[in-house]
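Below: one structure, written as structure tokens.
Atoms within a ligand are numbered from 1 in the order they appear, just like the ligands themselves. Predicted model, so just to flag it, every value in this text is computed and none were measured.
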Amino acid sequence: MDICPQLDSQSNEPLYLQLYHYFKEEIQSGGIPSFKRLPSIRELADDLHVSKTTIQTAYQQLLAEGYIESIERSGYFVVEIENEPFGNLPHLSQPPSVKNHFSSEKEILIDFYLSGTDVNHFPFDKWKTCMNQSLDQDFLSYGDKRGEIGLRSALSDYLRQARAVNCTAEQIVMSAGTQTTVRLLCQLIGTDGKKIAMEEPGYQGVRHVFQELGFEVVPIKLEDDGINLEELEKSGAKVVYITPSHQYPLGMVMPITKRIKLLQWAEENGGLIIEDDYDGEFRYHGKPIPSLQGLDAHGNVIYAGTFSKSLMPAIRMSYFVLPTRLLDGYQKKMSVYDQTVSRLHQRSLQLFMESGEWQRHIRRMRKIYAKKHDLLLHTIKSVMGDNVEITGQNAGLHIAMQVNSAKSADELVQIAEEAGVKVYSTTANWISDQEQGTPLILLGFGGLSEKQIIDGIEQLHKVWLPYYLLE
Ligand SMILES: Cc1ncc(COP(=O)(O)O)c(C=O)c1O
């Protein structure tokens with residue numbers, strides 16, 4: 001198999017993207033057949049006279065999109081892409097479930113899906129009432145480009161009171177999901193040749209957007225209390241995207257001392273922080289963690305939120321809060337773009353909030369999720385005992401768990417899948433080589449019943465039992 005992409009170092013398109021497009025097209029057209037092993041990163045870097053990072057970044061993108069897979073100690077292989085490769089791409093928080101020749105496809109009975117929410121307790125009747133009321137002839141035309149002012153106003157009240165976000169309705173822009181948020185922010189900030197720092201491992205959903213739109217993404221290693229500030233400083237990046245209140249995917253909370261140092265970094269370096277508070281509503285033990293934005297006195301934080309965890313992912317509604325110093329620039333540069341969220345959904349949510357249902361819903365869901373969270377932890381402890389250690393807990397809709405095993409996380413995921421239980425590794429969250437060590441497994445609990453949680457953990461323990469390392 002000849003790998004001979006025409007890489008153009010004079011092009012505006014980064015080399016890794018050229019390489020990624022080359023592989024993607026070759027795989028789609030069958031030029032590189034299914035199950036074919038790709039050259040190792042080192043071999044290809046030597047052959048093409050480019051850096052290993054260029055190859056690695058291209059491979060990471062192909063991995064994340066499910067074109068190739070990494071088999072430990074064997075290399076990178078093209079997966080079998082069936083019939084309609086572009087019809088139903090999986091959600092980004094879910095590793096692509098393409099069939100491969102190393103596994104027989106098993107029926108999944110219990111899925112610890114990271115983006116699962118509790119649909120049984122969704123207030124359908126209340127929501128339907130708001131939807132019906134929103135269907136008004138005054139709301140059938142284009143709305144405000146930043147989003148309905150009534151919704152932004154209700155939202156700013158909520159954010160100030162519940163998340164200590166310092167904002168007015170004027171600073172809020174509604175957007176259709178967090179990827180749309182970061183796409184709009186990329187347009188606002190400008191990305192050409194600029195670096196953006198991200199937690200490593202971090203949320204791949206936004207990383208794709210940053211990379212595609214021209215940012216050079218610099219992975220910054222995590223410490224027990226979040227992003228390593230010395231590395232951030234050394235990276236030379238002026239923009240950083242972080243999840244300080246519940247790091248995705250590892251789950252740690254950035255303590256106040258580090259938050260203050262991060263804000264100092266921004267102030268001293270002309271830096272900008274994008275704070276993704278994707279599940280800040282759900283904190284089960286201890287006090288809610290106030291937003292980073294609320295501590296910022298200099299307008300260096302853009303706060304981003306979403307309704308995917310708190311309400312439902314299907315609504316595709318999120319928002320961001322701009323510092324006042326960026327409002328004029330936003331108006332000048334972005335006022336040509338229409339609002340991306342349905343006006344009717346915005347209006348429904350506004351009515352839902354104004355009627356007090358939103359607050360009731362959040363309070364109810366917090367209790368329901370707390371119960372599931374505690375049950376999950378308790379079941380893990382009593383069933384798996386010292387064979388595992390929970391490392392990310394007390395917030396959000398997923399936990400992280402280290403398994404005391406010589407198997408890799410991907411192998412444990414595979415063993416579980418063979419037994420009908422789906423759990424997740426962090427492989428897709430890494431941009432550089434994943435750290436070796438105790439395998440880490442992610443478990444979402446929002447969408448599971450209590451019985452499924454118990455059955456799922458018991459089943460996992462049963463199939464992992466032969467692979468635990470004895471103390
Ligand atoms: C870190 C992070 N941010 C945001 C989201 C939600 O994204 P969206 O608003 O596009 O549904 C998720 C979902 O899993 C996430 O993990």
Check: F282 ring centre within less than 6.0 Å of H246 ring centre =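 Judged by ring-centre distance (under 6.0 Å), F282 and H246 do not meet the cut-off.
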query = Hey, do the aromatic rings of Y59 and F23 have their centres closer than 6.0 Å?
reply =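 Yes: the rings meet the under 6.0 Å criterion.
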request  = Would you mind telling me if ligand 1 is within reach of the side chain of T178, the backbone, both or neither, using heavy atoms under 4.0 Å?
outcome  =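 The part of T178 near ligand 1 is both the backbone and the side chain.
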ask   = What part of Y241, side chain from CB on, backbone N/CA/C/O, both or neither, has a heavy atom under 4.0 Å from ligand 1?
value =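 Side chain only.
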As an exercise, identify every atom of ligand 1 less than 4.0 angstrom from a heavy atom of [X].
{"X": "G177", "value": "9 (O), 10 (O)"}
{"X": "S115", "value": "14 (O)"}
{"X": "K309", "value": "13 (C), 14 (O)"}
{"X": "S308", "value": "8 (P), 9 (O), 11 (O)"}
{"X": "D276", "value": "1 (C), 2 (C), 3 (N), 4 (C)"}

task = Could you go through the side chain to side chain contact (heavy atoms under 4.5 Å, CB included) check for M174 and F307 one step at a time?
result = CA-CA 11 Å; M174 304 307 298; F307 289 97; 4.3 Å; yes
Side chain to side chain contact (heavy atoms under 4.5 Å, CB included) between L263 and V301, worked out = CA-CA 8 Å; L263 292 171; V301 179; 3.6 Å; yes
request  = May I have the step-by-step check of side chain to side chain contact (heavy atoms under 4.5 Å, CB included) for Q204 and H208, ending in yes or no?
outcome  = CA-CA 6 Å; Q204 75 282 17; H208 296 309; 4.1 Å; yes
inquiry  = For ligand 1, which is the ligand I care about here, please tell me if Y278 has any N or O atom under 3.5 Å from one of the ligand's N or O atoms.
reply    =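 No, there is no polar N/O contact under 3.5 Å.
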query = In this structure, which one of R343, H345, Q339 forms a side chain to side chain contact (heavy atoms under 4.5 Å, CB included) with E148?
reply =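 One option only clears the test, and that one is R343.
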